[in-house]
K.L.:
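Quick one: structure below, then a few questions.
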Amino acid sequence: MTGTEEPVLLDIRGRAAHITLNRPKALNALNHSMVRRIDEALTAWEHDPAVETVLVTGAGERGLCAGGDIRAVHDDARDGDGSASAAFWRDEYHLNARIARFPKPYVALMDGIVMGGGVGISAHGSVRIVTERSQIAMPETGIGFVPDVGGTRLLGLAPGELGTHLALTGARIGAGDAVLCGLADHYVPSGALRRLVEDLAHMPARDAVARHEQPPPQGESAGRREWIDSCFAAGTVEEILDRLLAHGGPDAKETAETLLTRSPTALKATLAAVRRARRLGSLERVLDQEYRVSCAALSTPDLVEGIRAQVIDKDRNPRWSPATLAEVTDADVERFFAPLGDRELGLAGPGTAPDTAG
Ligand code: QUE
């Protein structure tokens with residue numbers, strides 16, 4: 001009967017054009033064809049005077065989007081040449097930049113789970129809505145990967161070292177912390193989302209949101225800020241761990257234990273990526289950097305092993321290689337940032353790739 005199920009539903013309701021991610025069994029994880037469909041829709045709507053607002057939502061009860069199609073990346077990294085993943089990321093990061101520059105209100109309902117690639121299609125929008133059900137994370141270090149889709153820029157811009165903490169640990173945050181960290185703009189209780197969506201058909205996005213928003217609830221980060229800032233300001237992952245263990249508090253100890261379960265290579269590449277992103281100045285330059293990092297990650301053993309352990313076999317017991325931080329050298333980290341020559345993403349324009357040393 002079905003078999004015609006579209007992974008992205010597009011429809012216009014009054015003034016608002018709707019994008020519904022529609023793979024609820026995979027928690028709406030983004031694959032390449034979905035990225036292309038969304039990009040085509042934005043092209044059509046960008047100059048269509050009948051479209052005043054774009055709205056992105058996820059089908060099903062669990063949330064907006066769990067990330068990218070990481071199983072496809074696994075198979076490509078293990079059995080292929082990596083070109084399919086590189087082509088996917090190229091189009092995905094282009095879409096992320098396009099969303100950030102979209103000239104009309106781009107309203108993202110960040111209800112339920114929003115991770116990885118889901119952050120990329122929501123948190124660059126101009127009207128980002130969170131609810132009491134929101135669980136937002138960049139969990140890549142747990143699969144031997146590095147935050148992408150502009151995540152290193154968003155997290156690098158968060159207050160103090162909160163973003164460094166989120167990038168390294170992959171911790172999930174709720175609505176209050178998402179607003180505090182700059183990943184969201186407005187809090188709307190999930191029970192009011194239906195009426196918000198109805199109102200977007202009839203009035204400017206700003207007015208519709210104002211009718212339903214409430215003050216965001218207080219998150220946990222504000223009270224954790226002091227030890228997070230002092231520990232995560234360190235220059236190396238080893239020093240961050242030392243400071244967390246020396247701190248003595250139970251939360252700091254638990255955070256150190258979490259870090260010790262993550263890929264050592266991914267942790268070091270992630271710390272360098274977030275620090276460098278802060279100095280790059282534009283989302284486009286950050287996405288160009290992330291593309292270099294993601295392509296480099298494809299040829300590390302930890303990406304295949306991490307996806308196997310967390311997503312495919314779900315034994316949650318990845319065997320990282322190298323297994324310890326001490327074995328990951330500065331040269332290993334530097335390789336993630338090497339310019340790609342004629343394979344650069346090139347969003348920031350020609351001549352913006354970093355100089356090669358030497
Ligand atoms: C880290 C990630 C992802 C993840 C788990 C991590 C990720 C992702 C998924 C995912 C998506 C769809 C599914 C599913 C898992 O999991 O990016 O089971 O159906 O897409 O620890 O970055």
Side-chain angles (χ1 to χ4, degrees), residues 5 7-8 21-35 38 56 58-78 84-86 88-89 91-93 95-96 110 112-123 135-152 154-155 163 165-173 183 257-267 269-270 273-274 290-291 293-298 300-320 336:
E5 202 94 43
V8 178
L21 308 182
N22 189 38
R23 288 211 302 149
K25 285 177 196 151
L27 230 164
N28 302 322
L30 280 177
N31 60 32
H32 201 160
S33 74
M34 293 164 76
V35 165
I38 297 167
V56 61
E61 288 302 306
R62 288 159 68 209
L64 176 65
C65 175
D69 188 357
I70 215 78
R71 285 168 191 267
V73 170
H74 172 275
D75 294 353
D76 183 45
R78 193 188 58 179
S85 302
F88 167 55
W89 289 325
D91 288 339
E92 185 184 28
Y93 302 174
L95 175 62
N96 301 143
M110 302 173 75
I113 290 176
V114 186
M115 299 197 312
V119 172
I121 56 144
S122 58
Q135 293 189 52
I136 300 170
M138 291 301 288
E140 288 80 4
T141 59
I143 55 166
F145 196 46
V146 178
D148 66 341
V149 299
T152 62
L154 294 164
L155 296 177
H165 168 263
L166 295 177
L168 291 175
T169 62
R172 294 180 182 197
I173 55 173
L183 299 172
E257 284 162 2
T258 296
L259 289 177
L260 289 169
T261 69
R262 305 306 192 223
S263 156
T265 302
L267 285 174
T270 296
V274 173
E290 289 177 349
Y291 186 73
V293 172
S294 296
C295 289
L298 266 182
T300 65
D302 283 3
L303 181 56
V304 170
E305 171 61 6
I307 300 170
R308 181 205 64 73
Q310 301 291 357
V311 178
I312 295 173
D313 296 344
K314 298 191 200 290
D315 59 47
R316 319 260 184 235
N317 189 24
R319 298 164 64 97
W320 305 124
F336 283 80

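Just so you know, ligand 1 is whichever comes first in the structure, and atom 1 is the first atom listed for that ligand. Since the structure is predicted, the reported quantities are computational estimates derived from the model, not experimental observations.
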K.L.:
Just distances here: any N/O of A29 and N/O of ligand 1 closer than 3.5 Å?
P.N.:
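No: no nitrogen or oxygen of A29 is under 3.5 Å from one in ligand 1.
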K.L.:
Looking only at the side chains, is there a donor atom on one of N31 and S33 sitting less than 3.5 Å from an acceptor on the other?
P.N.:
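Short answer, yes.
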K.L.:
Can you tell me which residue and heavy atom of the protein come closest to atom 10 (C) of ligand 1, and the distance to 0.1 Å?
P.N.:
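Of the protein heavy atoms, A66 CB, 4.1 Å lies nearest.
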K.L.:
Please examine the side chains of L166 and M138, heavy atoms only from C-beta on, and report whether any two atoms are closer than 4.5 Å.
P.N.:
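When only atoms from C-beta onward are counted, L166 and M138 do not touch, as no gap falls below 4.5 Å.
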K.L.:
Numbering the atoms of ligand 1 from 1, which are under 4.0 Å from a heavy atom of I143?
P.N.:
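Here the atoms of ligand 1 in question are 1 (C), 2 (C), 6 (C), 21 (O), 22 (O).
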K.L.:
Checking the side chain of E290 only, and the main-chain atoms of V149 only, is there a donor and an acceptor separated by less than 3.5 Å?
P.N.:
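It does hold such a pair.
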K.L.:
Going by the order shown, which atoms of ligand 1 are within less than 4.0 Å of some heavy atom of K314?
P.N.:
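Listed by number with element, the hits are 18 (O).
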K.L.:
Near G67, which atoms of ligand 1 are under 4.0 Å from a heavy atom of that residue?
P.N.:
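Going through ligand 1 atom by atom, the ones under 4.0 Å from G67 are 17 (O), 20 (O).
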K.L.:
For atom 20 (O) of ligand 1, what's the nearest protein heavy-atom neighbour? Residue, atom name and distance, please.
P.N.:
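The closest one turns out to be G68 O, 2.6 Å.
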K.L.:
I'd like to know if the side chain of R172 and the backbone of A137 have a donor-acceptor N/O pair within less than 3.5 Å.
P.N.:
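No, because the side chain of R172 does not come within donor-acceptor range (under 3.5 Å) of the backbone of A137.
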K.L.:
Has K314 got more than 12 heavy atoms of other residues, nucleotides or ligands less than 6.0 Å from its NZ?
P.N.:
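Yes.
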K.L.:
Among all protein heavy atoms in this structure, tell me which lies nearest to atom 14 (C) of ligand 1, with the distance rounded to 0.1 Å.
P.N.:
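For this ligand atom, the closest protein heavy atom is V311 CG1, 4.2 Å.
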K.L.:
Looking at atom 1 (C) of ligand 1, what's its closest protein heavy atom, distance included?
P.N.:
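The closest heavy atom on the protein side is P139 CG, 3.4 Å.
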K.L.:
Counting each atom of ligand 1 from 1 as listed, which ones have a heavy atom of A26 under 4.0 Å away?
P.N.:
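Every atom of ligand 1 under 4.0 Å from some heavy atom of A26: 12 (C), 13 (C), 19 (O).
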K.L.:
Any side-chain heavy atom of F336 sitting closer than 4.5 Å to one from T265?
P.N.:
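Yes, their side chains come closer than 4.5 Å.
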K.L.:
Tell me whether E305 contacts the main-chain N or O of P318 through its side chain, where contact means a donor paired with an acceptor under 3.5 Å.
P.N.:
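Pair absent, no side-chain N/O of E305 close to backbone of P318.
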